[in-house]
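Quick notes on the structure that follows.
Each residue takes its place number in the sequence, starting with 1. Below, all heavy atoms of this structure are taken into account, side chains as well, without hydrogens, waters or symmetry copies. The model shown is predicted, which means the values in this text are computed figures rather than measured ones.
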Amino acid sequence: MASSLRDLQLTQVAGDGGRIFAGKDSDELEDVRLLDSIEDDNSFNRIEAGMRRVQVGVSGMTCAACSNSVEAALKSVNGILMASVALLQNKADVVFDPMLVTDEDIKNAIEDAGFEAEILPEPSTFGTKPHGTLLGQFTIGGMTCAACVNSVEGILRNLHGVKKAVVALATSLGEVEYDPTMISKDDIVNAIEDAGFEASLVQSSEQDKIILGVTGIYNEMDVQLLEGILSHFKGVRQFRFERISKEVEVVFDPEVVSSRSLVDGIEGESNGTFKLNVKSPYARMTSKDVEEASKMFQLFTSSLFLSIPVFLIRVVCPHIPLVYSLLLWRCGPFQMGDWLKWALVSLVQFVVGKRFYIAAARALRNGSTNMDVLVALGTSASYFYSVYALLYGAVTGFWSPTYFETSAMLITFVLLGKYLECLAKGKTSDAIKKLVELAPATAMLLVKDKGGKCIGEREIDALLIQPGDTLKVLPGAKVPADGVVVWGSSYVNESMVTGESIPVLKEANSLVIGGTINLHGALHLQATKVGGDAVLSQIISLVETAQMSKAPIQKFADFVASIFVPTVVAMALLTLLGWYIAGALGAYPERWLPENGNYFVFALMFSISVVVIACPCALGLATPTAVMVATGVGANNGVLIKGGDALERAQKIKYVIFDKTGTLTQGKATVTTARVFVGMDLGEFLRLVASAEASSEHPLAKAIVEYARHFHFFDEPSAIKDAENNSKESISGWLFDVSEFYALPGRGVHCFINGKRVVVGNRKLITESGMAIPTDVENFVVELEESARTGILVAYDNSLIGVLGVADPLKREAAVVVEGLGKMGVRTVMVTGDNWRTARAVAKEVGIQDVRAEVMPAGKADVVRSFQKDGSIVAMVGDGINDSPALAAADVGMAIGAGTDIAIEAADYVLMRNNLEDVITAIDISRKTFARIRLNYMFAMGYNVVAIPIAAGVFFPSLGIMLPPWAAGACMALSSVSVVCSSLLLRRYKKPRLTTILEITVE
C-alpha cells in the first residue's frame, strides 16, 4: 500500500483511529484482533459448545521466553484447551472448560509463573489499555545500580491500583500505569520517597494539566493576585504555585477552557504584570539531569577539598620539619595531626558521604544490596578502625597506624566516578535532547476575524498551538506543528525527522511535519496535530519507551546484581580470616606487616580492598546504556526501535520477508494498458470502470480513476493531485451513479450501474461470479503478468468486456538491498496477494528466489510461521493494513515508509523513510549494539574476576602486588565510567555502505 507521512501514528490508536477503507483487503481485518491473526490456525474462532473464551492482561512479560512460560503454565492447567500469549499486546487468549477451570484459576496460573494477571471483561477491549488508567512518568533519584531498580519496581508493583511499573537506571525514570480512582500520583511519589529515594512526576497521560513558568512575581501580594485570578477562572479545577521555582501547576477542564485561553486570560487579568511560558516536560527533565550532575560535582569537590589536607598530612608534611613538629605537638590525648585528620575525615565520612549511608540503609531495609552497601562497609571499616586505634593508643600507650586517609580518598574517588558516570549517562540520552530541541519555542499565529479574514499576527508559545490554527512560517524558520500548507510554496528539509536528506517541495495541500526547517519561501499552514499527537512528540515518546525497555540479555545482569554484594562481602570476610589466621599461624613473615601494624590490620586492608574494588554498577550499566545510545542513533538515521527485545532479536535475523506492493515496489500503480474485447467505446469502458472503482481506496483503484480522468479531460498531474483532495461530489459529474458497492478483499469490487452488475477484479472474482474467461482474454492477461504487470478484468451485465494492465515500478534500491542482505547472511522471501506470474516476474527482477503468491492477509502470518518452525528468527517488512498480522507474527516486524497506524502498532521497527536500505541499517545497528554489549559484559565480568583476586592479595606472596584500599576505590569508580564510555562509542555509528557490503570497488 502506498505510504505517506500523514498516516504516521506511533502510539496506540484509541477507538477507530480513523476510517479503515475497503482497499487492499482491509475489510477482512477491520474487526480482527491481531492475536487472532497470529494463532496457529482458526481454531480460536471455532469454540466448541460449552467452552468459554477469556482474554487475560498479562503484566511483566519482557521477551519471548516470558510469553512461552506463561503459555506453558496455562496449558499445564487441566481444563484449558488452548492458550495463546501475545507478547506485543501483553495479552493471553484462553479457551477452557468452565466445568473444570474458573477465571481465578487462570489468573492464579499466570501469577504462579511470576507474572501479574488481570481478567479482561470484554473481548472488544482487546489490544487497548484498560479504560480509566493513566500512564505517569516519574523521575527517581538516588538509584545507583540494578539492585535499586529491582527494589523500586517491586515497591511500585505492590501498590494497590498500579497496573504496571518499569524503571530505567540509565535515565533515572520510571513509567507507571495506574488507576487514578484507586491511587494518585502523589501516593506513588510518597511510596518511592518512603523507600528512601527521591521522586517527582514528569508528565502523565492526563490532558488537562499545564505547568507555567511565571515572571513578574516579586512578593506575597503578587502571589495572592495570581491565586485570586486562578481561583475565579472558569474551567480551572485546581492549581498549585511553587514559590521557589516560580512555577504554577494548573489542572483545568479542556472542554471549558483551552491552554492558550488560560495563559491569555491570566496575563490579561493581571494587566500585564505576569508573563507566562509553558514548561516543556522534556526541558524540565533535562534541567534535572544537569542539576544531578552539578550536585555530584559539588559533593566531589567538597570531598576533594577536605581529603587533600589529610593526604598532605600523611605523605608530604613528614618531610617538612617545621610543619611536622606542629603536627606532632600533643594536644590532650592525641597529637595535633591526629586531631586534624579525625576532624577532616569525619566531615567527609558523615557529611559528604551521608548519601552512601542513606542509600545503603534503604537497600537493606528493602531486602536488597547494592554498591552503596559496599562503599559504606569499606569506608566505615577503615574509619572506625582508625578511631579505635587512636582510642586504644590513648588508653594503652601502644599506637597503631591509622588509615583515615583511606576512608576519605575512597569516598573522593567514588564520587569522582559517580560524577563522570552522570556526565557519560547524560550523553547517552542526547538523542532525546536533540529531538526536543528540534521543536521551535515560539510560533507566529495569524489572527483572523469571524469571517476568516487575516487581521494580524502574534507570536505565541509553540506549546499553545491548537488544531485549526493558521501559522506563518518564514524562510529559515522551523515548522512549529504538523499541518497542511494553505498558502505559499517552498522546499522543506525533513532530514532531522525522517532521515531523508533531499529537501521536499511543499505547496498548497502538502503535509508538513513539526520540527522540520523551511528553506526558501514563506508558508501559511493550518495545524492539524499538536502536543502528543504530533509526529515529533510521538517519535520522542517511542525512543523514550524503547530506552526504558529491558533487553532479555539484561536478565543475566539483574541476576548477578542480586547475588553480587552478598558474595563480595563473604569473599571479604574470607580474605580477612584467611590472612589473619595465616599470620597467627606464622604462614608468612612479620616483615610483611606495616610499621607498628599487626596481623589484623594487615588482613583488614586486604579485606577493605576486596569490598571497595568489586563493582556491580558496571554489570548493571552494560546493557541499558548501549540500548539507549543505539535507539538514539537509530532515530537519527530514521530507524525507530521499539525496545531492547526487538533490538536483540534483530541481530539474529535469518529470513527477511518482503511484502510486494508498496514495499519492494513504489506503491504508485499506473495503468499502462486498456483493451476492450467487445464493441464498447474505450472512453465509455473507462468511464464504467472508474465509476465502479471510485468508491474504493485501493491503490489500483486510484490508478484506474486517474487514468480514466486523464483520458476524458487530459488533466495535468498537478490537477489530478488537487482533485484527490476534493470530495467525491467533484467527480460525480462525469461518473455513473453506483449502487450496492462491495469491496471483496484480495479479489476486487462488485457494484450495480444502471441496474446492471459490474465486476472489476482478478480471475478468481470473475470465476466466482459465474463467468467464463475467453481464450484471447486469458492469453492477453498472461502476457501482462509475464511482464510484471497485474491484469484487471472487467465484466458488465454478466459478460467480460475488457482488461486493464496495471504496473507498479520497483524501488530503484530493491535489487541492491536484496543482494546486500544475501551478503550479510540473510535470506530474502517475497510474499504477495498478487498472481503467481506477476509475482515471479517481480521476484526475478529484484533477485529473490523464494516467492509466495496469491496469499491472503491472514495467510501472510502463516508464511511467517512456516519459516519460524525450525527456530529461525524471521523479519517481516511491510507497509499496509493487510501486513499487520504478519508483522505481529514475525520475530521482528518492520513498518516501512511510516506505514499505516495499524502496521506501525504491530511493528517492532518503524523505518521513517520509504527506502529499503534502512532494513540493512536496522539489522546492522542491532548487530553492532550487541557486539558492544557483549564487550561491555566481558569487561565488567573480567574486571571483577581479575580485580578481586588482586585486591585480596592472591599475588602478594609471589609478586609482592598489594592494592591499597584507596587505589581499589579508584579502580572501582573508573570501571563503571569505562563501560558507559564504551557504550558511547556507538554514537560514532555510520550507516553501512552498500558498496562495502557488496564488495564493490569504486574507482
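To the nearest 0.5 Å, the span separating CG on L410 from CD1 on I613 amounts to 10.5 Å. Atoms CD1 and OH, from I925 and Y989 in turn, are 4.5 Å apart once rounded to the nearest 0.5 Å. S303 OG to M409 CE: the interatomic distance, rounded to the nearest 0.5 Å, is 10.0 Å. Rounding to the nearest 0.5 angstrom, the gap separating the OH atom in Y937 from the CD1 atom in I933 is 7.0 Å. Here the CD1-SG distance, from I140 to C148, works out to 10.5 Å after rounding to the nearest 0.5 Å. With rounding to the nearest 0.5 angstrom, the CG atom of L304 is 10.0 Å from the CG atom of L415.
Using a 4.5 Å cut-off on side-chain heavy atoms (C-beta onward), I192 and I188 make contact. Within the 4.5 Å cutoff, no side-chain heavy atoms of Y909 are placed close to those of K642. Side chains of V639 and M912 form no contact here, defined as non-hydrogen atoms less than 4.5 Å apart. By the 4.5 Å heavy-atom criterion applied to side chains, Q298 and S294 are counted as neighbours. Contact annotation: the side chain of F138 approaches that of V176 to within less than 4.5 Å [non-hydrogen atoms, C-beta and beyond]. Put simply, the side chain of I920 does not reach to within 4.5 Å of the side chain of I923, judged on heavy atoms.
S407 and S382 form no side-chain donor-acceptor contact under 3.5 Å, judged by distance and modelled atom types alone. Side-chain contact annotation: E494 with T516, donor-acceptor N/O pair under 3.5 Å absent.
Applying the salt bridge (Lys or Arg N to Asp or Glu O under 4.0 Å) criterion to K928, with sequence neighbours excluded, gives D924. For S607, there are no side-chain hydrogen bond (donor to acceptor under 3.5 Å, both in side chains) partners, not counting sequence neighbours. Partners of F350 by ring pair (Phe, Tyr, Trp, His ring centres under 6.0 Å), not counting sequence neighbours, listed by chain and number: Y357, Y383. Evaluation of the ring pair (Phe, Tyr, Trp, His ring centres under 6.0 Å) rule for F606 yields W579, F602, F956 as partners, not counting sequence neighbours. Every residue was checked against the ring pair (Phe, Tyr, Trp, His ring centres under 6.0 Å) condition with F939, not counting sequence neighbours, and none meets it. Considering only residues two or more places apart in sequence or on other chains, T929 meets the side-chain hydrogen bond (donor to acceptor under 3.5 Å, both in side chains) condition with none of them. Applying the side-chain hydrogen bond (donor to acceptor under 3.5 Å, both in side chains) criterion to R927, with sequence neighbours excluded, gives no partner residue. Residues passing the salt bridge (Lys or Arg N to Asp or Glu O under 4.0 Å) test with K652, sequence neighbours excluded: none. Checked against salt bridge (Lys or Arg N to Asp or Glu O under 4.0 Å), D891 has no partners two or more places apart in sequence or in another chain. Under the side-chain contact (heavy atoms from CB on, under 4.5 Å) criterion, L344 pairs with L306, P309, V310, sequence neighbours left out. When the side-chain hydrogen bond (donor to acceptor under 3.5 Å, both in side chains) test is applied to S982, the partners found at least two apart in sequence or on another chain are R932, N936. With sequence neighbours excluded, the residues forming a side-chain contact (heavy atoms from CB on, under 4.5 Å) with K354 are I358, listed by chain and number.
What you find for V348 and A408 is that their closest heavy atoms are CG1-CA, 3.9 Å. Across all their heavy atoms, S302 and V352 have their closest contact at CB-CG2, 4.1 Å. Summarising the geometry of N637 relative to V633, their closest heavy-atom pair is ND2-O, 2.8 Å, with the distance given to 0.1 Å. In plain terms, the two heavy atoms of T412 and S307 that are nearest each other are OG1-OG, 2.9 Å. Considering every non-hydrogen atom in both S926 and Q651, the closest pair reads OG-N, 2.8 Å. Between L156 and A165 the shortest heavy-atom distance is CB-CB, 3.6 Å.
Between R934 and E648 no salt bridge is recorded (no basic side-chain N to carboxylate O distance below 4.0 Å).
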